[in-house]
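Note that these values count all heavy atoms, side chains included, but never hydrogens, waters or copies made by symmetry.
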Amino acid sequence: MVPGRIGGWLARDRIRAVALAMIALSVLWRAHVASRGFLAADDYVLITQAAESDLTVGHLFSLYNNHLMPGGRLLIWLTTEYVGMAYWPYVLLMAIGQTVLGIASLHLLRRLLQPSWLLLLPLGVLLFSPLTLEATTWWAVGVNMLPMQISMVLAVSAQVGYVQTRRKRHLVTLALAVLLGLFFFEKSILVVPLVFLLTAAFYAEGGPVRTIWTTIRRWWPSWLLLTVLSLGFLVAYLRGSESSLRRPESVGEVFSFLTQMLGSTVIPGLVGGPWQWLGAGDGAPVAAPPQLGTWVAWTIVVALVVATVRHRRRAGRAWLLLGAYLVLVAAMLAATRLGSAFSGVAGGVPRYVSDVVVVAAICLGVAVVGLARTPRTAGQIDPSAADGPPSTPVDRREPVDEEAQDLAAAPIPVQPPVPAAPPAPVRYAQPARLVSRPGVIHAEAPIDPEPDPVPAAAPAVTPAPGPDAVAGPDPTAHPDPEPATAPDAVPPSPAPDRSPPNDPGSPAQRAPQPGTSGPTEPPAPGLLGSLPERYREAVNVALALVLVAVCLGTAWTTSRYSDEWAAKSGRSYIDTVRIEMASAPPDTVFFDDPVPDNVVPRLSSPYNMQSRFFRAFGTRPTFVDEADHVSVLDTLGRIHVATIIGSTIQPGPQEGCGYLVATGQTVRMPLNEPRDEWHWVVRIGYLSSADGTATLRFGSGTAEFPVKRGLNQRFFRIVGGGDAVELTVTGGDVSLCTNEIAIGNPAPKPK
């Protein structure tokens with residue numbers, strides 16, 4: 001497509017143009033925030049595991065902290081193999097994922113909602129909510145959550161398409177969308193109940209039992225497909241995983257978690273919060289909103305829910321859907337995060353609830369904008385009615401079945417004029433088609449599943465019956481009458497148009513297409529509904545101020561998060577090590593020690609060891625278990641001469657020698673403080689009369705090392721414990737003096 005055509009395409013659809021601009025802005029903004037940071041915590045462990053393994057099925061499907069993420073492991077392995085330990089490929093991958101999510105979300109909202117500028121509100125929530133900052137900046141989070149969010153959007157879009165058209169290709173898309181999410185994150189199993197609940201909330205009518213039964217019966221192919229996929233995945237996952245379930249310590253712990261999750265994270269995050277963050281080392285910060293901000297957030301959300309429920313009947317179901325999904329997420333988190341050392345902050349971690357943003361955006365769109373008119377063709381009839389008897393006239397006073405309220409129909413083509421009589425005016429505002437089966441009459445109309453009566457002041461104009469006329473119900477006899485001033489009410493029909501049906505200017509030819517905007521479309525219901533005119537200006541100003549405040553709050557929260565994310569100890573540590581290694585002598589060697597806890601926590605052991613941490617490094621340090629001269633890296637990554645910090649032997653009895661050990665002799669040397677049984681490093685400084693060998697015993701551990709003539713030292717590892725060491729010269733005619741034996745851990749030697 002040439003630039004000129006692209007410009008014309010965007011100019012014809014200004015909503016799409018603004019939406020694409022919003023997507024581009026969010027991707028660039030989030031990419032900038034991500035680029036200020038670096039790899040963190042779990043990133044290093046996943047990169048190390050990729051560097052240590054070949055690209056095999058076993059590696060891809062191995063669990064990480066009980067997470068099944070073969071898609072993420074594949075991307076990490078490819079990046080590590082061809083780029084090494086670098087951050088920019090992951091920033092690029094997260095930006096691509098966010099772009100795909102934004103475009104897919106725009107497609108879903110245009111398919112699901114009525115054409116309106118207001119659909120930019122839910123799109124903005126999904127693109128800019130601070131709850132998704134971790135998913136677009138921290139790779140270990142984004143590699144799981146971005147595919148899950150994309151899976152949610154694609155699955156819902158496919159199910160909506162199937163409900164609207166009954167085309168089997170949407171079922172294929174639904175299955176692929178769920179598999180995509182499960183390929184990256186096992187939590188994507190929540191997409192399955194989300195699709196079911198959303199379909200029941202938006203496209204079925206009646207009470208809870210009737211709604212569920214109607215949903216199961218009418219769209220059973222979707223549920224059969226999703227059930228098979230879910231059971232297959234759960235069997236495969238549970239077979240290789242360990243149980244992550246924990247028991248909360250008390251009811252108070254559960255209450256505190258729920259209060260923190262809703263009050264500190266979800267509710268503030270949906271309106272631009274939390275505005276303040278609590279630093280968490282190299283990882284992403286934790287939400288810490290001020291008390292005033294929390295109350296303001298609750299006020300805005302409660303006011304929005306109340307206003308939309310009064311304005312639109314379907315809004316109540318939308319907010320119930322969001323509440324149901326929050327219950328699912330809270331139950332999963334409570335069962336896997338409470339009862340642990342981190343349960344106190346589990347409710348304040350935004351990444352645990354970042355998938356809620358997708359559901360919140362969908363529910364906000366339905367509550368504010370309304371469901372789109374459902375396109376149907378003549379051949380797309382309720383399968384339950386396909387084999388029924390032919391349509392028969394119906395008493396116009398008989399109410400229509402409530403199940404018909406969530407179906408839509410295309411207008412019936414206008415019959416050409418009969419030569420014997422002038423053409424009759426045709427009402428195009430609410431065309432209907434009757435589909436019958438034994439005992440049930442379905443009246444389908446191409447409107448939002450929130451039907452409204454035709455105003456009594458606008459008399460219906462019906463076509464004159466002809467030989468091929470189809471009987472239909474009286475438009476004034478609506479099964480679910482509502483006041484004519486309802487916000488979703490269909491406007492009165494225009495004056496009948498007597499132009500032929502094939503005339504391009506006729507209403508039949510000018511019928512708007514779902515998901516498009518143009519001057520011929522009926523305007524979407526206003527956000528203010530039936531609010532009296534004298535209050536509209538003040539309410540509009542108030543809404544504009546609230547929207548501006550939310551946008552400014554989002555910008556402030558994102559900026560503060562960006563500052564926290566930019567402070568990375570791991571990046572400074574790695575950069576310093578690279579500089580130091582480039583200038584170090586070739587014979588520089590190290591004992592393998594843990595990297596600083598603020599780079600990789602010790603809970604990630606053994607992947608916090610330097611030998612594994614630097615596995616994907618360009619120039620790796622050389623690690624040994626024994627040497628005469630050893631270097632050590634400090635917490636900043638600088639190279640120092642090593643010494644041992646720990647227990648030392650008490651001074652020996654021989655003046656000027658300490659402890660004298662001759663060939664074949666064993667001398668016991670008490671320590672100034674005992675050591676537990678563990679992996680230790682020993683340093684011995686000695687003066688020897690000749691070359692030979694010696695053996696040091698420490699509890700149950702034994703280590704043999706070479707002895708060189710003259711004044712020397714030796715570092716070596718030993719596994720043992722106790723309050724004394726024993727030294728034996730085992731080879732050569734050697735007399736050895738020592739007063740320097742230390743057992744502990746390597747550390748920089750004081751200058």
- [ ] Verify side-chain contact (heavy atoms from CB on, under 4.5 Å) between Trp138 and Asp43, making sure each step is shown before the conclusion.
- [x] CA-CA 8 Å; Trp138 188 357; Asp43 295 335; 3.2 Å; yes
Task: Trace of the side-chain contact (heavy atoms from CB on, under 4.5 Å) decision for Tyr561 with Val33 - done: CA-CA 8 Å; Tyr561 176 92; Val33 174; 4.0 Å; yes
Task: Tyr44 and Ile574: CA distance, side-chain angles, deciding distance, side-chain contact (heavy atoms from CB on, under 4.5 Å) verdict - done: CA-CA 11 Å; Tyr44 297 117; Ile574 291 174; 3.7 Å; yes
Open item on the list: For a side-chain contact (heavy atoms from CB on, under 4.5 Å) check, start with the C-alpha distance between Phe128 and Leu25, then their side-chain angles and the critical distance, and finish with the verdict.
Closed with: CA-CA 10 Å; Phe128 297 101; Leu25 175 61; 4.2 Å; yes
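Between Met94 and Thr137, the shortest heavy-atom distance links the atoms CE-O, 3.3 Å. Residues Arg218 and Tyr203 come closest through the heavy atom pair NH1-O, 4.1 Å. Contact record, Ser188 with Gly181: OG-O, 3.0 Å, taken as the closest heavy-atom pair. Summarising the geometry of Pro268 relative to Pro289, their closest heavy-atom pair is CG-CG, 4.4 Å, with the distance given to 0.1 Å. Closest non-hydrogen pair, Ser26 versus Ile23, comes out as OG-O, 2.8 Å. Considering every non-hydrogen atom in both Thr265 and Ala287, the closest pair reads OG1-CB, 4.2 Å.
For the pair Gln98 (side chain) and Ala31 (backbone), a donor-acceptor distance under 3.5 Å is absent. No donor-acceptor pair under 3.5 Å is formed between the side chain of Arg16 and the backbone N or O of Leu106. Judged purely by atom type and a 3.5 angstrom limit, Thr558 has no side-chain atom pairing as donor or acceptor with the backbone of Ala555. With hydrogens and angles ignored, the 3.5 Å screen pairs a side-chain donor or acceptor of Arg571 with a backbone N or O of Ala566. When atom types are taken as modelled, the side chain of Trp277 and the backbone of Thr557 share a donor-acceptor pair closer than 3.5 angstrom. Listed for the Thr308 side chain is no donor-acceptor partner under 3.5 Å among the backbone atoms of Val368. Using a distance-only test at 3.5 Å, with no hydrogens or angles considered, a donor-acceptor pair links the side chain of Asp282 to the main chain of Ser569.
Rounding to the nearest 0.5 Å places CD1 of Ile47 at 11.0 Å from CG of Asp42. In this structure, CE in Met145 is found 10.5 Å from OG in Ser151, a value given to the nearest 0.5 Å. Between the CD1 atom in Ile76 and the OH atom in Tyr64 there is a gap of 9.0 Å [rounded to 0.5 Å]. For the atom pair Gln159 CD and Leu225 CG, the distance stands at 9.5 Å (nearest 0.5 Å). Taking CG of Leu126 as the reference point, atom CG of Leu364 lies at 10.5 Å (rounded to 0.5 Å). Here the CG-CH2 distance, from Leu133 to Trp29, works out to 8.5 Å after rounding to the nearest 0.5 Å.
Looking at heavy atoms from C-beta onward, Arg317 lies out of side-chain contact with Leu321 at the 4.5 angstrom threshold. Considering only heavy atoms from C-beta on, Asn66 stays 4.5 Å or farther from Thr336 through its side chain. When side chains are defined from C-beta on, Tyr162 counts as touching Pro221, because their heavy atoms get closer than 4.5 Å. With a 4.5 Å cut-off on side-chain heavy atoms, Leu229 and Phe233 do not count as touching. Looking only at side-chain heavy atoms (C-beta outward), Ile362 and Leu108 come within less than 4.5 Å of each other. Under the 4.5 Å side-chain criterion, counting only non-hydrogen atoms from C-beta, Leu146 is not in contact with Val100. Leu190 is listed as a side-chain neighbour of Tyr325, based on a closest heavy-atom distance under 4.5 Å. Side-chain contact between Val356 and Val329: present, with at least one pair of heavy atoms (C-beta onward) separated by less than 4.5 Å.
Judged as a side-chain hydrogen bond (donor to acceptor under 3.5 Å, both in side chains), and not counting sequence neighbours, Ser129 has no contacts. Partners of Tyr352 according to the ring pair (Phe, Tyr, Trp, His ring centres under 6.0 Å) rule, which considers only residues two or more places apart in sequence or in another chain, do not exist here. For the side chain to side chain contact (heavy atoms under 4.5 Å, CB included) test, residues two or more places apart in sequence or in another chain that qualify with Leu547 are Leu121, Cys551. For the side chain to side chain contact (heavy atoms under 4.5 Å, CB included) test, residues two or more places apart in sequence or in another chain that qualify with Ala104 are Val153, Leu154. Every side chain to side chain contact (heavy atoms under 4.5 Å, CB included) that Leu109 has, sequence neighbours left out, goes to Leu113, Pro122, Leu123. Every residue two or more places apart in sequence or in another chain that forms a side chain to side chain contact (heavy atoms under 4.5 Å, CB included) with Leu60 is listed here: Leu55, Pro70, Arg73, Leu74.
Ring geometry for Phe38 against Tyr87 counts as tilted: the plane angle lies between 30° and 60°, on a 0 to 90° scale.
The list of salt bridge (Lys or Arg N to Asp or Glu O under 4.0 Å) pairs with a residue in residues 84-106, not counting sequence neighbours, is empty. Applying the salt bridge (Lys or Arg N to Asp or Glu O under 4.0 Å) test to every pair with at least one member in residues 177-200, sequence neighbours left out, gives these pairs: Lys187-Asp355. Sorted by first and then second residue, the ring pair (Phe, Tyr, Trp, His ring centres under 6.0 Å) pairs involving residues 170-197 (not counting sequence neighbours) are His67-Phe185, Phe196-Trp223. Evaluation of the ring pair (Phe, Tyr, Trp, His ring centres under 6.0 Å) test over residues 88-124, restricted to residues two or more places apart or in two chains, returns Tyr90-Trp139. The salt bridge (Lys or Arg N to Asp or Glu O under 4.0 Å) pairs that include a residue from residues 112-138 are Glu134-Arg351, where partners are two or more places apart or lie in different chains. For residues 555-566, the salt bridge (Lys or Arg N to Asp or Glu O under 4.0 Å) pairs, not counting sequence neighbours, are Arg36-Asp563, Arg560-Asp563.
Val178 pairs in a side-chain contact (heavy atoms from CB on, under 4.5 Å) with only one of the listed residues (Val195, Ile189, Val191), which is Val191.
With a 6.0 Å radius and a threshold of 12 heavy atoms from other residues, nucleotides or ligands, Leu292 has its CG atom at or below the threshold.
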